[in-house]
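The structure presented is a predicted model; accordingly, all values stated were derived computationally and were not measured. FYI, the numbering just counts along the sequence from 1.
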Amino acid sequence: MPTPRIAAVHDLSAFGRCSLTVILPTLSAMGVQCCPVVTAYLSTHTGGFAANTFLDLTDQMEPVTAHWQSLGLTFDGVYTGFMGSREQITRTADFIRTFRRPDCRIIVDPVMGDHGKPYRTYTPEMCRAMSGLAELADVLTPNATEAALLLGEDYDAIRLDREADCRYWAQRLSRDGACSVVLKGASLSPETAGAVCFDRESGETIFVSAPLVPGQFHGTGDLFASVLSGALVRGWSLAAAARLAAEFTSACVRRQGTPCREGMDFEPLLWRLGQRAEEGPHAGSDH
Ligand code: PXL
């Protein structure tokens, strides 16, 4: 197969394994070319190191878009994530409108917060702008906190431990089938972690899960969404892609030895992910 290509609109946080330091190696290992649109350069992510540097690269986004357009570049996917400012969200929307075509999957990870709280850099105005960006998605991948922010609901209302509730929230996030949804953090049993997936193509809602490892692990959302994006542009169904993402994220968490804020110790397992991507969605006992 020709090498699929994804444009990844994310920040580069040099230390702490999230955003592009996770996305680039993960997509490469899956045999997917990743072209980053770097929105900002930070010394670390904003979740646990304090006093991180922040070089805003918003001004680069329009010229990068224009140059790629002049080259006639096309993408099989556009994958967006953490945003540093309101302006960045606008530029990202412009980028999506420029490169959107029928064969290009728009995957929006509406990174805004975790554990019921927005990240400290997210203003209410940015959260509103992110809802606008979410409307451009073919596939939307929020966690429960982001679901609450997108839907204007209380975090406590987003219960993801009962099948009917999971279906309800996934359906609402899809805006009645306008986009597919992978709602992370859904789990129908205390021993598992996973996601509820609404596939707008098939109209089906399915659950994916993997063994739960208690604790907090920074960067799991980026790892999950990267694997999902890589599998989707390789032609996997939403369900198969989400299953691979859940399994790989769980495998990385299980071997985790680094402090939470340093992110997932995922590099030693990338060869296995590459192997799974190459085998295809139907390999293995449960596929
Ligand atoms: O993992 C999401 C993320 C991405 N980029 C930056 C972050 C975070 C989460 O804290 O701070 C800069």
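The list of salt bridge (charged side-chain N to carboxylate O under 4.0 Å, His left out) pairs with a residue in residues 12-21, not counting sequence neighbours, reads R17-D265, R17-E267. Pairs passing the side-chain hydrogen bond (donor to acceptor under 3.5 Å, both in side chains) check and including a residue from residues 19-32, sequence neighbours excluded, read D11-S19.
A distance of 8.5 Å separates CD1 in I158 from OH in Y168, rounded to the nearest 0.5 Å. Remark: C166 SG to D161 CG distance equals 7.0 Å, nearest 0.5 Å. The line from NE2 of H45 to CG of N52 is 9.5 Å long, rounded to the nearest 0.5 Å. Remark: L27 CG to I6 CD1 distance equals 5.0 Å, nearest 0.5 Å. With rounding to the nearest 0.5 angstrom, the CG atom of L228 is 7.5 Å from the SG atom of C197. Once rounded to the nearest 0.5 Å, the distance linking OG1 of T39 with CD of Q88 reads 4.0 Å.
Judged purely by atom type and a 3.5 angstrom limit, S13 has no side-chain atom pairing as donor or acceptor with the backbone of F15. With hydrogens and angles disregarded, no donor-acceptor distance shorter than 3.5 Å links the side chain of D154 to the backbone of D156. Judged by distance alone, with hydrogens and angles left aside, the side-chain atoms of Y122 form a donor-acceptor pair with the main-chain N or O of M83 at under 3.5 Å. Under a 3.5 Å cut-off, the side chain of E204 and the backbone N or O of D199 do not form any donor-acceptor pair. With R120 contributing its side chain and T46 its backbone, the two residues share a donor-acceptor pair below 3.5 Å. Between the R100 side chain and the L136 main chain, a donor and an acceptor come within less than 3.5 Å of each other. Distance alone, capped at 3.5 Å, is enough to place a donor-acceptor pair between the E146 side chain and the N143 backbone. Under a 3.5 Å cut-off, the side chain of S250 and the backbone N or O of A246 do not form any donor-acceptor pair. Although no hydrogens or angles enter the test, the distance criterion places no donor-acceptor pair under 3.5 Å between the side chain of R272 and the main chain of A251. Here the side chain of R200 pairs a donor or acceptor atom with the backbone of A178 at under 3.5 angstrom.
Salt bridge present: R91 and E87 bring a charged side-chain N and a carboxylate O closer than 4.0 Å. Using a 4.0 Å cut-off between charged nitrogen and carboxylate oxygen, E279 and R276 count as a salt-bridge pair. A salt bridge does not link D114 to K184: none of the charged side-chain nitrogens sits closer than 4.0 Å to a carboxylate oxygen.
With sequence neighbours excluded, the residues satisfying side-chain contact (heavy atoms from CB on, under 4.5 Å) with S209 are T192. Taking R167 as the reference, E163 meet the side-chain hydrogen bond (donor to acceptor under 3.5 Å, both in side chains) condition, with sequence neighbours excluded.
With a 4.5 Å cut-off on side-chain heavy atoms, I106 and C104 count as touching. Residues L183 and P142 meet the side-chain proximity criterion, which asks for heavy atoms closer than 4.5 Å. The shortest side-chain heavy-atom distance between P25 and L270 falls under the 4.5 Å cut-off. R234 is listed as a side-chain neighbour of P4, based on a closest heavy-atom distance under 4.5 Å. Put simply, the side chain of Q275 does not reach to within 4.5 Å of the side chain of E278, judged on heavy atoms. Within the 4.5 Å cutoff, the side chain of F217 has no heavy atoms near those of the T249 side chain.
Apart from L212 itself, the hydrophobic cluster it occupies contains nothing, where clustering links Ile, Leu, Val, Met, Phe, Trp and Tyr at side-chain heavy-atom distances under 4.5 Å.
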Only pairs under 3.5 Å count here: list side-chain donor-acceptor contacts from residues 59-81, not counting sequence neighbours, and write none if there are none.
unit_1: T65; atom_1: OG1; unit_2: M61; atom_2: O; d: 2.6
unit_1: S70; atom_1: OG; unit_2: H67; atom_2: O; d: 2.7
unit_1: D76; atom_1: OD2; unit_2: R5; atom_2: N; d: 2.7

| request: Apply side-chain contact (heavy atoms from CB on, under 4.5 Å) to T121 and M126, showing your working. | output: CA-CA 9 Å; T121 52; M126 282 175 71; 5.7 Å; no
| said: What verdict does the side-chain contact (heavy atoms from CB on, under 4.5 Å) test give for T92 and V108, after you've listed the backbone C-alpha separation in whole Å, the side-chain angles of each residue and the deciding distance to 0.1 Å? | reply: CA-CA 10 Å; T92 302; V108 174; over 6 Å; no
| query | side-chain contact (heavy atoms from CB on, under 4.5 Å) between L244 and M30: does it pass, once the steps are laid out? | reply | CA-CA 11 Å; L244 180 66; M30 296 179 79; 4.0 Å; yes
| message | For V181 and W169: C-alpha separation, side-chain torsions, deciding distance, then whether side-chain contact (heavy atoms from CB on, under 4.5 Å) applies. | response | CA-CA 10 Å; V181 173; W169 294 119; over 6 Å; no
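Between D222 and C18, the closest heavy-atom pair is OD2-CB, 3.3 Å. Between F198 and G177, the shortest heavy-atom distance links the atoms CE2-CA, 3.7 Å. The nearest pair of heavy atoms linking I89 to A129 is CG2-O, 3.6 Å. Contact between A40 and D56 at its shortest, heavy atoms only, is CB-CA, 4.4 Å. The two residues A240 and S237 come nearest to each other via the heavy atoms N-OG, 3.1 Å. Across all their heavy atoms, Y41 and L57 have their closest contact at N-CD1, 4.2 Å.
With hydrogens and angles left out, the side-chain atoms of D109 and T141 include a donor and acceptor closer than 3.5 Å.
Surrounding CD of E153 are more than 12 heavy atoms belonging to other residues, nucleotides or ligands, all under 6.0 Å away. Heavy atoms of other residues, nucleotides or ligands lying less than 6.0 angstrom from CZ of F49 number more than 12.
Residues W236 and I23 are members of one and the same hydrophobic cluster, defined by side-chain heavy-atom contacts under 4.5 angstrom among Ile, Leu, Val, Met, Phe, Trp and Tyr. V22 and V213 end up in the same hydrophobic cluster when Ile, Leu, Val, Met, Phe, Trp and Tyr side chains are linked at under 4.5 Å. Taking hydrophobic clusters as Ile, Leu, Val, Met, Phe, Trp and Tyr residues chained together by side-chain heavy-atom distances below 4.5 Å, F99 shares a cluster with L133. Residues I107 and V9 fall into different hydrophobic clusters, defined by Ile, Leu, Val, Met, Phe, Trp and Tyr side chains chained together at heavy-atom separations under 4.5 Å. Under the 4.5 Å side-chain heavy-atom criterion for ILVMFWY residues, no single connected hydrophobic cluster contains both V139 and I206.
Classified by interplanar angle (parallel below 30°, tilted 30° to 60°, perpendicular above 60°), the ring pair F82/Y119 is tilted.
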